[in-house]
There are 2 protein chains.
Amino acid sequence: MKCMGGAEIFGQGKSAEYVCQVIEGAVRSCKHLSDGRRQISAFHLNGDIFGLENGNSHRFAAEAIIDSTVRILDRRSIDVAADTDLLVSHELLDLTTESLQHAEDHMLLLGRKSSIERVAAFLLEMDRRLAARGIVTLPMTRRDIADYLGLTIETVSRTLSMLRDSGILRFQSETQRKIQLLDRHRLAELDC
Amino acid sequence: MKCMGGAEIFGQGKSAEYVCQVIEGAVRSCKHLSDGRRQISAFHLNGDIFGLENGNSHRFAAEAIIDSTVRILDRRSIDVAADTDLLVSHELLDLTTESLQHAEDHMLLLGRKSSIERVAAFLLEMDRRLAARGIVTLPMTRRDIADYLGLTIETVSRTLSMLRDSGILRFQSETQRKIQLLDRHRLAELDC
DNA sequence: CGGTGGGTTGAGGTATTTCAAGGCTCGTGG
DNA sequence: CCACGAGCCTTGAAATACCTCAACCCACCG
């Protein structure tokens with residue numbers, strides 16, 4: 001399925017009839033509060049599976065960040081497979097555990113880290129997940145980053161500027177979405 | 001197994017040979033940073049299972065909050081059971097999903113909620129999990145609460161005082177660990 | 001061209017933290 | 001029995017990290 005950037009793939013609380021996989025593009029999972037506050041719990045990039053639920057409704061909204069291609073898998077056939085095949089069942093557990101692990105690390109970040117540490121951790125995560133040779137091409141806006149890190153766009157922007165000024169990174173393009181990491185070692189120290 | 005309050009049940013990064021269940025008492029799962037910062041990701045109360053891992057080391061430290069009785073289950077026999085029995089495998093997935101769901105909700109709290117909202121959410125969670133008729137007897141200290149909510153002890157204390165002064169709760173004992181919720185409806189509104 | 005969306009930067013405000021002091025309870029030992 | 005210290009909690013005052021508000025720049029697009 002093709003999704004335009006910004007399109008909602010499924011809404012929070014909607015019936016979980018499908019499970020999805022990113023083929024190409026980027027997707028965010030987020031929780032919305034009624035007053036507009038938002039927390040992004042994860043970004044899903046090439047190959048990532050998302051929208052896996054145990055209950056029958058999605059605990060998140062999923063939205064395409066940029067134009068994306070998403071594979072739709074039928075929920076029921078997965079359930080059936082998991083109920084008969086131990087390998088599938090094991091695979092589901094692995095996927096869920098991976099999400100849990102990420103969530104646990106993210107709780108530490110959100111609860112206890114400074115803005116610099118958060119941004120550093122974010123850059124390293126993205127470098128690990130989508131970089132080609134230290135150049136990170138971010139699909140998401142500053143707002144997405146802020147809602148992922150529990151900060152405001154201004155704080156994210158200021159922190160990136162600070163890292164630029166101290167020689168740890170460089171902006172490679174006009175739109176500020178291509179970032180070259182010049183000193184991953186110092187970044188890793190900041191991440192603590 | 002009997003554990004004294006404050007005792008470490010297993011350490012962060014330690015080999016995950018056992019899975020545990022709280023029989024009586026209370027346990028915290030936490031991540032420590034080298035500089036002493038700490039994030040508690042969950043409290044485990046009567047009946048709760050914790051220390052379940054997919055990899056071979058614990059991603060957390062687990063510590064008894066008060067004197068507790070913990071049942072120790074052998075990790076390998078669980079793995080074996082999961083590899084042969086679909087019911088066990090399904091049960092493991094359920095437990096992991098439950099943790100994940102809690103972690104996701106907690107990320108929203110840590111990333112986007114005010115101190116009042118955090119404390120309100122905490123009180124409601126504890127009320128749901130261990131209250132007898134609106135009286136919550138907290139096993140944990142203010143420090144534990146603070147490290148769970150991503151706040152300082154002073155902020156937790158001030159927020160509780162504020163809720164007391166506005167008639168939403170009352171302290172029932174000298175040690176401030178017994179809290180009577182007088183107006184759960186208003187608390188739920190604060191939680192948003 | 002003008003409008004819109006994304007990003008940066010500055011100035012000022014504020015929620016929360018930090019630092020400091022004091023109260024209460026409890027256990028220990030003289 | 002009382003003194004003492006330790007641990008836990010509260011409260012106040014001051015500091016600060018981060019947020020809010022506002023202005024501006026730039027790229028893109030109809």
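From a predicted model like this one, the values you see are computed outputs, not experimental measurements. Just so we're on the same page: letters track the sequence lines, and every chain starts at 1.
- Within residues 150-160 of chain B, the residues approaching DNA chain D are B/Glu154, B/Ser157, B/Arg158, by heavy-atom distance under 4.0 Å.
- With sequence neighbours left out, the side chain to side chain contact (heavy atoms under 4.5 Å, CB included) criterion links B/Ile72 to B/Met1, B/Tyr18, B/Cys20, B/Val70.
- Here the range on DNA chain D touched by chain A, meaning any atom under 4.0 Å from one of its heavy atoms, is D/dC18 to D/dA27.
- Here CD of A/Glu17 is found 10.0 Å from CG of A/Asn56. Values are rounded to the nearest 0.5 Å.
- For A/Thr96, the side chain to side chain contact (heavy atoms under 4.5 Å, CB included) partners two or more places apart in sequence, or in a different chain, are A/Leu52, B/Leu93, B/Thr96, B/Thr97, B/Leu100.
- Around CD of B/Glu98, the count of heavy atoms belonging to other residues, nucleotides or ligands within 6.0 Å does not exceed 12.
- The stretch residues 103-115 of chain A comes close to DNA chain D through A/Ser114, A/Ser115, each having a heavy atom under 4.0 Å from the strand.
- Below 30°, between 30° and 60°, or above 60°: for A/Tyr148 and A/Phe43 the angle between ring planes is between 30° and 60°, a tilted geometry.
- Summarising the geometry of B/Ala103 relative to A/Met107, their closest heavy-atom pair is CB-CE, 3.6 Å, with the distance given to 0.1 Å.
- Between the CD atom of A/Gln180 and the CZ atom of A/Arg170 there is a distance of 5.0 Å, given to the nearest 0.5 Å.
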- Message: One pair to check against side chain to side chain donor-acceptor pair (under 3.5 Å): A/His106 and A/Ser41. What are the steps and the verdict?
- Response: CA-CA 8 Å; A/His106 211 57; A/Ser41 60; over 6 Å; no
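- Here chain B contacts DNA chain C (any atom closer than 4.0 Å to a heavy atom, that is under 4.0 Å), and the contacts span C/dT16 to C/dT25 from 5' to 3'.
- A/Arg158 and A/Asp165 are not joined by a salt bridge, as no carboxylate oxygen comes within less than 4.0 angstrom of a charged side-chain nitrogen.
- For the pair A/Asp83 and B/His90, the tightest heavy-atom approach, listed with the atom from each and the gap, is OD1-CD2, 3.7 Å.
- The side chain to side chain contact (heavy atoms under 4.5 Å, CB included) test with B/Leu123 is passed by exactly one of B/Val136, B/Asp191, B/Leu169: B/Leu169.
- Among the atoms of the strands shown, none is found under 4.0 Å from any heavy atom of A/Arg118.
- A/Arg71 places no side-chain N or O within 3.5 Å of a backbone atom of A/Ile23 that could act as its donor or acceptor partner.
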